[in-house]
There are 2 protein chains.
Amino acid sequence: MAVKHRVSRRSRSRSVGISDVAAAAGVSTASVSRFMHDPMRVSPKLRDRVEAAIKELNYIPHRAGRALASRQSLIVGAIVPTLENAIFSRQVMTFQQNLRDAGYTLLLATSEYDPELEFRQARVMLEHGVDALMLVGQKRGSEFYEMLERASIPFITTWIYSKNSIHPCCGFSHETAMKRVVDYVVELGHRNIGVVTGFANVNDRVAARLKGIRKALKEHGLELMRDKIAYSEYTFDAGGEALARLLEKGERPTAIVCGNDILAAGVLTEARKRNIKVPEELSVMGFGDLDIAAQLDPPLSTVRTPKAEIGEAAATYLLNSLEGRKTESRIEVDIKFCWRDSFGRASKK
Amino acid sequence: MAVKHRVSRRSRSRSVGISDVAAAAGVSTASVSRFMHDPMRVSPKLRDRVEAAIKELNYIPHRAGRALASRQSLIVGAIVPTLENAIFSRQVMTFQQNLRDAGYTLLLATSEYDPELEFRQARVMLEHGVDALMLVGQKRGSEFYEMLERASIPFITTWIYSKNSIHPCCGFSHETAMKRVVDYVVELGHRNIGVVTGFANVNDRVAARLKGIRKALKEHGLELMRDKIAYSEYTFDAGGEALARLLEKGERPTAIVCGNDILAAGVLTEARKRNIKVPEELSVMGFGDLDIAAQLDPPLSTVRTPKAEIGEAAATYLLNSLEGRKTESRIEVDIKFCWRDSFGRASKK
DNA sequence: TATAGTTGTGTAAACGCTTACACGGTAAAC
DNA sequence: GTTTACCGTGTAAGCGTTTACACAACTATA
């Protein structure tokens, strides 16, 4: 059934290579190569000739050749779930900037929260010979880590931190973060607390946050009932709908703790639509501190996560590893609780 | 005892190559290569042996070798100004997804709106042998385009459209878009219009939008005075400050037209801070329709730009070019005007 | 039966670079 | 005036693929 048709061959014209430069300059390719890496390693006379030849021929070195010969691609890979979320795009951006400053280039893929796709992308990256790899989260099959192991390249998992982590990681404990949030929420008098969260099965961070919530509640003798959790996609509208579902069941919560700011913004909008006053009647808490959080009305209480810092720290770790420098492989970053107007004391009945 | 280990050098151990597989399977490397590209091209017997050998050895093909021999890297590059803005990250994401589905991988760099940096990054991409390249905007020195010309790879400029464009492009006319906006703004009775915009010198899209504004005003016998324009960085706060500057000078405008939604959001926040009622006393118009636009209070009027569509169209164009298919090289995408509550008729004095 | 295709496989020469090694020349040490 | 060291350069063997070409073994055709 598959109709095989011949794809027109691309032009195969040789491009200007190092040997052309060598010939034009009347030197050996070795000398040109040396010049490329450190002009001071060749004599001034030769230097000038090579320089002239390069300019003359518009020579652009071909890194595939270099990669083959030197076993270094100068490429670093990153696989993130999505770029729709400012969280990851900010992280990727600083990651890339730091790599670039060190002479590396970024190969980027998204996994769309699909483990299988993530695995395939990782494999492709290894085929491309990436010198290092940045990942998000740690939950993946052992064959994934075994593959990395065999490739023996440094890698780091981000948005995860645990001092006993088996793998290099850079982030914070989502569990602790959320526990602290809920501790405070309870302190503010809230007893009936609703949760709007992403789907925990695909994402270890979501699961950890839920765990933190449960832990805090338990310590205060409370329990997170099933009908107080609404799972949702990461969109504004879905966040609003999640609130709607929560409100349909039982007594209205006095506080909603959300898995991220997108969901919280949706909740805020839905609350306004229903004339529920925030925070008087309903307190709302986000997570992540996107730029928009402070622009919402009322400004959203949330947890600030250092997206850029994570990208930078990940780059630093990988670069250190590549250079053979000793570095801490479990990096904890600071988070900050931002209590803004969307969250207040529980209304007294 | 005497363990002689040179730590500084990176491990140079040969990895499993195609020749190892060939040896293990008792066939030639050519056959393995053929198997890799199309298993049906080799006999069943040989197929099984090769398959077994590959699994046995955990063989991962090395694309640098392939790139060298076949003159195709299966890598496509993209250079965008930043990923902080959802505009570009969304575009990059769909671009990447479409490439991936076609077997290509994305090499990504940011230029931070710096032409020089963009040029250097482009050069690095060519060194990596990208098969194609996506860029944002068209304003760059001729040496840039000459370099691309010499590399003779397909490329496309995005967020730009003109039916006479010299270069392949995919986007819309910012000039026309803004002209239509202002036409309507004037129709709504506004005569005193302020503009908050990014810096036009670094960005051809900004310049085009300003041109559109001026053109529209001129047709209505109006003029954009210098003191009605505030230039600003692309941050919420800077947008607010820009409004502040505008308000200090002369009579207060009845409408503010912004270069993007971030600036508009900043303007909205600043207006609220000053107790200026939107839209009764001041109408505000954004550009771009970020997700947040509809969540703001009041919901922001803006121009919806198809970010994902641009990424996809760019990918499609490049893939078509790579496969030698004939395609339109100037692609216009639709924009949509979203009139929400932040914009209304000019208040009658 | 002779001839011409077809199919499956192997051989070996690239592809563009790096780098171990060799070598001649000059400078420093004796 | 040797010897020793070092420096700058060239030679050539890879690095892991692809692919043009050759060839043997079939199959189809006349």
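Just so it is clear: chains get the letters A, B, ... in the order the sequence lines come, proteins before strands, and each one is counted from 1.
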J.: So, A/His128 versus B/Thr105: side-chain donor-acceptor pair below 3.5 Å or not?
T.: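 Result is yes, a qualifying pair exists.
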J.: Which is more 5' along DNA chain D, the nucleotide nearest A/Arg41 or the one nearest A/Thr29? Just name the residue.
T.: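 It is A/Arg41 whose nearest nucleotide is closer to the 5' end.
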J.: Between C/dG10, D/dG10, C/dA14, which nucleotide has the shortest distance from any of its atoms to the side chain of B/Ala30?
T.: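 Nearest listed nucleotide: C/dG10.
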J.: Give a yes/no on whether any side-chain N or O of A/Arg71 is located under 4.0 angstrom from OP1 or OP2 of D/dG16.
T.: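 A/Arg71 to D/dG16 OP1/OP2: side-chain N or O found under 4.0 Å.
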J.: Taking any heavy-atom pair under 4.0 Å as a contact, classify B/Ser43: base, sugar-phosphate, or nothing.
T.: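 Sugar-phosphate only.
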J.: May I ask you to verify if any side-chain N or O of B/His37 is less than 4.0 angstrom from the OP1 or OP2 atom of D/dT18?
T.: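 Yes.
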J.: Taking any heavy-atom pair under 4.0 Å as a contact, classify B/Ser33: base, sugar-phosphate, or nothing.
T.: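 The residue B/Ser33 makes base contact.
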J.: Would you mind telling me which of C/dT18, D/dT9, D/dT17 lies closest to the side-chain atoms of A/Leu46?
T.: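 Comparing C/dT18, D/dT9, D/dT17 against the side chain of A/Leu46, the answer is D/dT9.
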J.: Report the residue (B/Gly65 or A/Ser31) whose heavy-atom-nearest nucleotide on DNA chain C is the more 5′ of the two.
T.: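 So the residue in question is B/Gly65.
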J.: For A/Phe35, report the nucleic acid contact type (base, sugar-phosphate, nothing); a contact means any heavy atom under 4.0 Å.
T.: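 No contact.
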J.: Decide yes or no on side-chain contact (heavy atoms from CB on, under 4.5 Å) for B/Leu108 and A/Gln96, but give the supporting numbers first.
T.: CA-CA 8 Å; B/Leu108 179 71; A/Gln96 184 264 328; 5.6 Å; no
J.: So what does A/Arg34 touch, heavy atoms closer than 4.0 Å: a base, only the sugar-phosphate, or nothing?
T.: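 Counting heavy atoms under 4.0 Å across all strands, the contact made by A/Arg34 includes a base.
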J.: What's the closest nucleotide to the B/Val42 side chain, out of C/dT9, C/dC17, D/dG16?
T.: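 Nearest nucleotide to the side chain: C/dT9.
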J.: The side chain of A/Ser15 is closest to which nucleotide in this list: D/dT11, D/dT9, C/dG16?
T.: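 The answer is C/dG16, which lies nearest to the side chain.
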J.: Would you kindly give the CE-to-P distance between B/Met36 and D/dT17, to the nearest whole Å?
T.: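 Rounded to whole Å, this separation is 8 Å.
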J.: Among C/dT9, C/dT18, D/dG16, which nucleotide sits nearest the side chain of A/Leu68?
T.: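 Nearest to the side chain of A/Leu68 among the choices is D/dG16.
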J.: Can you tell me the distance, in whole Å, between the NE2 atom of A/His62 and the P atom of C/dT18?
T.: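 Interatomic distance, NE2 of A/His62 to P of C/dT18: 12 Å.
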J.: Using every non-hydrogen atom in the two residues, find where A/Leu106 and A/Gly77 come nearest and quote the distance to one decimal.
T.: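 Result for this residue pair: CD1-C, 4.2 Å.
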J.: Can you tell me how far P of C/dC17 sits from CD1 of A/Ile54, to the nearest Å?
T.: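 So the CD1-P distance, A/Ile54 to C/dC17, works out to 10 Å.
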J.: What is the distance, rounded to the nearest whole Å, between atom CE of B/Met40 and atom P of C/dG8?
T.: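 These atoms are roughly 11 Å apart.
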J.: Testing the basics here: between A/Val130 and A/Val76, what is the closest heavy-atom pair and its distance to 0.1 Å?
T.: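 Taking A/Val130 first and A/Val76 second, the nearest heavy atoms are CG1-C, 4.2 Å.
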J.: Between atom CD1 in B/Ile18 and atom P in D/dT19, what is the gap in whole Å?
T.: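 After rounding, the reported distance stands at 11 Å.
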J.: Spell out, as yes or no, whether a donor-acceptor pair under 3.5 Å connects the side chain of B/Ser321 to the backbone of B/Pro154.
T.: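 Answer holds: no.
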J.: So that I can tick it off, tell me whether A/Lys55 and A/Glu51 are bridged by a salt bridge, with the cut-off set at under 4.0 angstrom between side-chain N and carboxylate O.
T.: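 No, this pair does not count.
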J.: Of the listed nucleotides (D/dG10, C/dC17, D/dT18), which one gets closest to any side-chain atom of B/Ser70?
T.: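 Looking only at side-chain atoms, B/Ser70 lies closest to D/dT18.
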J.: Indicate, with a heavy-atom threshold strictly under 4.0 Å, whether B/Ala64 touches base, sugar-phosphate, or nothing.
T.: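 If one applies the 4.0 Å heavy-atom cut-off, B/Ala64 turns out to touch nothing in the nucleic acid.
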J.: Please report, rounded to the nearest Å, how far the P atom of D/dG16 is from the CD atom of B/Gln72.
T.: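 Interatomic distance, CD of B/Gln72 to P of D/dG16: 21 Å.
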J.: Atom CZ of B/Arg63 and atom P of D/dT18: how far apart are they, to the nearest Å?
T.: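 Spelled out: CZ on B/Arg63 to P on D/dT18 is 10 Å.
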J.: Would you mind classifying the nucleic acid contact of A/Val32 as base, sugar-phosphate or nothing, using non-hydrogen atoms under 4.0 angstrom?
T.: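 Nothing, no heavy atom under 4.0 Å.
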J.: Taking CG from B/Asp20 and C1' from D/dG14, how many angstroms apart are they, rounded to a whole number?
T.: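 Rounded to the whole Å, the gap is 14 Å.
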